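To start, the structure itself, in structure tokens.
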Amino acid sequence: MIVTGHKRLLFALASGALNILIFPKAELTLFSWIALVPLLVAIYGERRNSRSFLYGCLCGVVFFFGSCYWIINVLENYGGLGRLGSMLSFLLLVVYLSLFYAGFALIFAGFARHFPKGCFLMAPAIWVSSEYLRGQLLTGFPWCLLGYALVDYSNLARIAA
């Protein structure tokens with residue numbers, strides 16, 4: 001399914017929203033199986049790298065704003081940054097973390113252009129690699145990784161072993 005125009009933007013934003021629903025408060029963990037599908041649909045067939053990057057970045061911004069909002073209070077109450085400093089620091093963190101979504105989108109879009117039928121087989125490896133890098137680079141940010149949503153499913157852990 002190839003979407004065009006503003007629908008791509010809506011699909012990317014919807015993917016970010018689905019990712020939010022996976023984690024605490026909503027804890028709709030079954031969405032973890034499909035949360036990236038709208039982003040993949042948005043990127044698939046996109047010819048411009050800049051737009052693929054933008055869609056990935058927007059998806060990440062929505063996700064991190066919606067799932068890590070509590071960091072503002074931590075920075076204000078325990079970091080002593082004040083409200084404005086906390087909000088600006090959080091904004092920088094969200095932009096930085098969204099770059100991993102954008103990188104994933106960029107790489108997937110490249111595969112989609114060169115291997116349109118096989119690109120979806122590469123998507124899991126690209127995604128896991130981007131999350132691994134997010135957890136390791138610059139002291140890492142290993143929170144809200146997609147696999148965490150399935151931590152309570154012990155049968156999956158047995159298969160993975």
Side-chain angles (χ1 to χ4, degrees), residues 1-24 26-69 71 90-153 155-161:
M1 174 178 167
I2 297 179
V3 294
T4 58
H6 290 79
K7 289 182 183 177
R8 289 182 189 269
L9 176 64
L10 293 175
F11 272 69
L13 296 173
S15 191
L18 282 173
N19 274 284
I20 293 169
L21 294 176
I22 294 168
F23 292 100
E27 289 189 49
L28 300 171
T29 58
L30 290 178
F31 283 144
S32 64
W33 297 100
I34 61 163
L36 291 177
V37 171
L39 178 61
L40 295 175
V41 169
I43 298 164
Y44 186 79
E46 177 58 61
R47 297 285 176 217
R48 294 169 61 186
N49 283 337
S50 59
R51 286 206 179 155
S52 297
F53 188 87
L54 175 68
Y55 296 144
C57 198
L58 289 174
C59 177
V61 165
V62 168
F63 170 60
F64 289 112
F65 261 110
S67 62
C68 297
Y69 58 88
I71 292 176
F90 176 67
L91 179 64
L92 287 174
L93 177 65
V94 166
V95 169
Y96 165 70
L97 295 174
S98 297
L99 292 177
F100 289 96
Y101 273 72
F104 164 78
L106 196 59
I107 294 168
F108 176 80
F111 273 103
R113 279 192 296 278
H114 293 93
F115 308 104
K117 292 184 180 174
C119 64
F120 293 102
L121 296 174
M122 290 301 298
I126 300 166
W127 181 257
V128 170
S129 298
S130 71
E131 285 201 330
Y132 175 79
L133 289 173
R134 180 165 53 100
Q136 300 298 316
L137 290 179
L138 302 175
T139 72
F141 190 86
W143 294 330
C144 300
L145 301 177
L146 192 57
Y148 290 170
L150 302 173
V151 73
D152 293 330
Y153 292 87
N155 290 337
L156 287 176
R158 288 187 194 121
I159 292 171

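Everything numeric in this text was worked out from a predicted model, so none of it was measured. This chain uses plain numbering: 1 for the first residue, then up along the sequence. Every heavy atom of this structure was used, including side-chain atoms; hydrogens, water molecules and symmetry mates were not.
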* Verdict with reasoning, Phe11 to Tyr55, per ring pair (Phe, Tyr, Trp, His ring centres under 6.0 Å) -> CA-CA 9 Å; Phe11 272 69; Tyr55 296 144; over 10 Å; no
* Verify side-chain contact (heavy atoms from CB on, under 4.5 Å) between Ser15 and Val37, making sure each step is shown before the conclusion. => CA-CA 7 Å; Ser15 191; Val37 171; over 6 Å; no
* To do: Have a look at Cys59 and tell me which of Leu9, Leu39, Leu54, Leu13 forms a side-chain contact (heavy atoms from CB on, under 4.5 Å) with it.
  => Leu39
* To do: Indicate the atoms forming the closest heavy-atom contact of Ile20 with Ser67, along with that distance.
  => CG1-N, 4.4 Å
* Compare every heavy atom of Leu137 with every heavy atom of Tyr96, then report the nearest pair and how far apart it is. => OH-O, 3.7 Å
* **Contact summary for Leu18 and Pro38, nearest pair of heavy atoms** => CD1-CG, 3.8 Å
* Asked: Backbone N or O of Ile22 within a donor-acceptor pair of the Thr29 side chain at under 3.5 Å?
  -> no
* To do: Could you tell me which residues satisfy side chain to side chain contact (heavy atoms under 4.5 Å, CB included) with Phe23, sequence neighbours excluded, listed by chain and number?
  => Phe63, Cys144, Tyr148
* Gap separating the OH atom of Tyr132 from the CG atom of Leu145, nearest 0.5 angstrom -> 12.0 Å
* So, the side chain of Ser130 versus the backbone of Trp127: is there a donor-acceptor pair under 3.5 Å, distance only? -> yes
* Just by distance, do the side chain of Ser98 and the backbone of Val94 share a donor-acceptor pair under 3.5 Å? -> yes
* For the ring pair Phe90 and Tyr69, is the centre-to-centre distance below 6.0 Å? -> no
Counting only pairs under 3.5 Å, give me each side-chain donor-acceptor contact of residues 99-119, with atom names and distances, residues two or more places apart or in other chains.
unit_1 : atom_1 : unit_2 : atom_2 : d
Arg113 : NH1    : Glu46  : O      : 3.2
Arg113 : NH1    : Asn49  : OD1    : 3.4
Arg113 : NH2    : Asn49  : OD1    : 2.4
His114 : ND1    : Gly110 : O      : 2.9

* Structure fact -> The complete set of salt bridge (charged side-chain N to carboxylate O under 4.0 Å, His left out) pairs with one or both residues in residues 127-142, sequence neighbours excluded, reads Glu131-Arg134
* **Nearest-0.5 Å distance, CD1 of residue Ile71 to CH2 of residue Trp143** => 5.5 Å
